[in-house]
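Here the structure comes first, spelled out in structure tokens, and everything after it is commentary.
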Amino acid sequence: MFRTSVALAALLAATSMIMPNTAAAQEATPPATSEAEDPYLWLEEVHGERAMEWVEAHNAHSLAVLQGDPRYQALYDEALDILQATDRIPTPGFTAGGHIDNFWQDAEHVRGIWRRTTLDSYRSGDTRWETILDIDALAEAEGENWVYKATSCLPPDERYCLVSLSDGGRDAVTVREYDTVARAFVEGGIVIPESKSNVAWVDHDTLLIGTDFGQAGDMTDSGYPNTVRVLRRGQPLDQAQEIFRGETTDVSSSGYTLRDADGVVQATLINRSITFYESETHLVNADGSTTALPMPGRSTIKALVGGLLVFTTEQDWTAPTGESFSSGDLIAWNLDALKAAPTGTRPELVLHPGERDSIEGVTATRNQLVVALFENVRGSVYVLRPQDGAAEWARTRLDLPANVTVGLGSADTESDQLFVSVSGYLNPNSLWLADAATGTVEQVRSLPARFNAEGLTVEQFEARSADGTMIPYFVVHAQDMPMDGSNPTLLYGYGGFQNSLLPGYSGTVGRLWLERGGVYVIANTRGGGEFGPRWHQAALQENRQRAHEDFQAVALDLIARDITSQPHLGIMGGSQGGLFMGAMLTQRPDLINGAVIQVPLFDMLRFHRLLAGASWIAEYGNPDIPEERAWIEAYSPYQNLRAGQPYPEVFIHTSTADDRVHPGHARKAAARLEELGYPVLYFENTDGGHAAGANLLHTARRIALEYTYLSRRLMDEPAQE
């Protein structure tokens, strides 16, 4: 993290829309397939007066219903207790001089503090922390709604850092230079005004920067930087020297440095993201010119270790020198040779994952390459080393618990140590300190149980999707669960962007759902990355429906096994997962009795015109191209909402401050459902960005609202209508 790393008349009038009558539904307009036909475009005016009156009325209604439920307060108190627990594991980040940094939030530090200790102190039972920056104090002093986003410190001493601060949790940030020794922002130091910027240190007086310079073409259609410039200390922003410019139809362009273990820059690179998945990598030469490197279009640089540039390919690829590699492979190039002869340098295979394997993490310590490899959605950590004449590198498995999720944490470039997190659905998170050189591991922290897991178990099943593909899913339940379809069951899914849903411990799921007799299910559908790039790419664009069918298959399998039944089955997902929930709602509402639809995509004929939506064309297709529009319109939830369907009352929530997925998606979904005669619960947090919560109090409220809703829909007998 730290290393690089609402008047009353208006209210009543608007509220009357919330519970429409059947006659109104019968007179509903046909689905909007063009802007001219869409009666709810005004809801896309994020801060528009009419739109905000609508939001405030719906918030008042939904909060009255859910917070008025006798279960809400207890659920809120329990969620907040877990979120603010002071015995959480502080996530450690190695910094220079053997120090450990951490960003921490609790009841006393709602916005959070950036703090530091030593490794020895961290490993002890009585850690002594020094505060570097207090975000609560800063926000109060400056009268700003600051939300901490990230910090990037300049190697090797990491005294000077670029701190990214967001107004209310949006993706756009203000970047300010901070002195960790003086414990103050640098007077006259670097300040980058609010924008979706990318900034990287070259040296103390030089930055690579992409931001909105106020000129045409500075930003892409997706709202990200289109140019890379060199900014010298003291230089006005508009005088930064441009060294690279992409196309406005790209997603973004950004510059960064590759540094060795001593912090010395070995290469300055530019990443031109043409689409969400396809990119070019350019080497910045000494004279400021650039040279394109012959990397696969779908590839990701992962590490620099021992002079070797390590990257993954997300496509089958033949190198300029003739070597062939498979999608998902981990590959290495000698960096010096590559710079000298880009097309003449032979790459070597580091690791070829199996058919049901996925590389979920790669990092480097001072001398070692470390990989988190998941085999059938179960994680292991390996140290990889070159071996002469072998087809791929040798690997040694670290002695960590089995059948769990592993996560690679911060790695130390001053030694070969790194942190590894271990967790499972019923296994509280533990943190391990590993030495990649010796293979030794030591558990340094363990999270206390947040819920009673006695009598609970985890099973992995498979469901047959419409095309015959077997879709794995996990079920967390009581061992003595009756197989009579009576179990309140929450099915979670995401299904996109190669994001894997891996086993993990959630105190709130455990305390607010499992302890109360609920069953929790996680679907590992295509579109995710559980089995590598091919598992993701099988559900791209024209094949998106496959992922929806996978999710439906899991629901059908749960019912077929008598784990649950329609009156007791609910679904949950956010962002792309919110689209997933919308597709289930419009395609198979007969299977479910509830849906929590979080910060969703919903109007897929306009997603590319709203905020960062254009960057996702590579995932979904382009609605402006007739052929692609046809397959998108076939599943787009907003256009497929119909009267007379067995839709349950749904709970939709979003954030006014979300500048990634436009809140108009969620607003229009609720408005259209109401127009068609369906009851809807809708809540919009005015802060919080895409996370839908700017602080722990907001997060606890959101969680409590969700589980109150789920209790009403799935646990009450009979389920409410």
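What you are looking at is a predicted structure, and each value in this text was computed from that prediction instead of being measured. One is the number of the first residue; the rest follow in order along the sequence.
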Point to revise | Distance under 6.0 Å and angle within 45° of ring axis: Arg561 vs Phe461 | key: yes

**Study point:** Donor-acceptor contact present, side-chain Asp550 to main-chain Arg526, <3.5 Å
**Key:** yes

Review point. Cut-off 3.5 Å, side chains only: do Gln587 and Gln545 have a donor facing an acceptor?
Key: yes

Exercise for review: Find out whether Thr321 and Thr345 are in side-chain contact, i.e. whether some heavy atom of one side chain is under 4.5 Å from a heavy atom of the other.
Suggested key: no

Point to revise | Pairs where residues 514-545 contributes a residue and the test ring-ring contact (aromatic ring centres under 6.0 Å, His included) is met, not counting sequence neighbours | key: Tyr277-His536, Phe531-Trp535

Review point. With ring centroids as reference points, do Tyr505 and Phe451 lie under 6.0 angstrom apart?
Key: yes

**Study point:** Any donor-acceptor N or O pair under 3.5 Å, side chains Thr438, Thr440
**Key:** yes

Point to revise | Modelled atom types, side-chain donor and acceptor of Asp260 and Gln266, under 3.5 Å | key: yes

Check your understanding: Is a side-chain donor or acceptor of Asp416 paired with a backbone partner of Asn367 at a separation under 3.5 angstrom?
Key -> yes

Study note, to complete from the structure: Of Tyr473, Tyr494, Phe580, the one forming a ring-ring contact (aromatic ring centres under 6.0 Å, His included) with Phe551 is Phe580

**Study point:** Polar side chain donor-acceptor pair, Arg445 to Thr127, under 3.5 angstrom
**Key:** yes

**Study point:** Gap between atom CZ of Phe325 and atom OG1 of Thr313 - 0.5 Å precision
**Key:** 9.0 Å

Revision key, fill the gap. Between Leu714 and Gly594 the two heavy atoms that sit nearest each other are CD2-N, 4.4 Å

Review point. Measuring from Gln460:CD to Ile522:CD1, what's the distance to the nearest 0.5 Å?
Key: 10.5 Å

Practice item. Decide yes or no for Pro347 and Leu338: does some side-chain heavy atom of the first lie under 4.5 Å from some side-chain heavy atom of the second? Key: no

Study note, to complete from the structure: So CG of Leu431 and CD1 of Ile89: to nearest 0.5 Å the spacing works out to 5.5 Å

**Study point:** Lys/Arg N to Asp/Glu carboxylate O, Glu355 vs Arg534, below 4.0 Å
**Key:** no

Review point. Is there side-chain contact between Met481 and Ile563, with heavy atoms separated by less than 4.5 Å?
Key: yes

Check your understanding: Between Tyr620 and Tyr635, is any pair of side-chain heavy atoms under 4.5 Å apart?
Key -> yes

Revision key, fill the gap. For residues 384-429, the ring-ring contact (aromatic ring centres under 6.0 Å, His included) pairs (sequence neighbours left out) are Phe94-Phe419, Tyr122-Phe419, Tyr425-Phe474

Review point. Rounded to the nearest 0.5 Å, how far apart are CG of Leu579 and CE of Met584?
Key: 12.5 Å

**Study point:** Short N-O contact, Glu280 and Arg272, less than 4.0 angstrom
**Key:** yes

Exercise for review: Determine, stepwise, if the pair Gln576 / Glu619 fulfils side-chain hydrogen bond (donor to acceptor under 3.5 Å, both in side chains).
Suggested key: CA-CA 10 Å; Gln576 147 62 31; Glu619 179 81 10; 5.8 Å; no

Exercise for review: Please tell me if the side chains of Thr457 and His477 come closer than 4.5 Å, counting only heavy atoms from C-beta onward.
Suggested key: yes

Point to revise | 4.5 Å side-chain heavy-atom contact, Ser500 and Glu530 | key: yes

Review point. Does a side-chain heavy-atom distance below 4.5 Å link Ile301 with Asn271?
Key: no

Review point. Counting only heavy atoms not in Arg356, do more than 12 fall under 6.0 Å of its CZ?
Key: yes

Practice item. Taking the side chain as every heavy atom from C-beta outward, state whether Leu558 and Val475 have any pair of such atoms under 4.5 Å apart. Key: yes

Exercise for review: Check for a donor-acceptor pair, side chain of Trp513 on one end and backbone N or O of Val519 on the other, with a separation under 3.5 Å.
Suggested key: yes

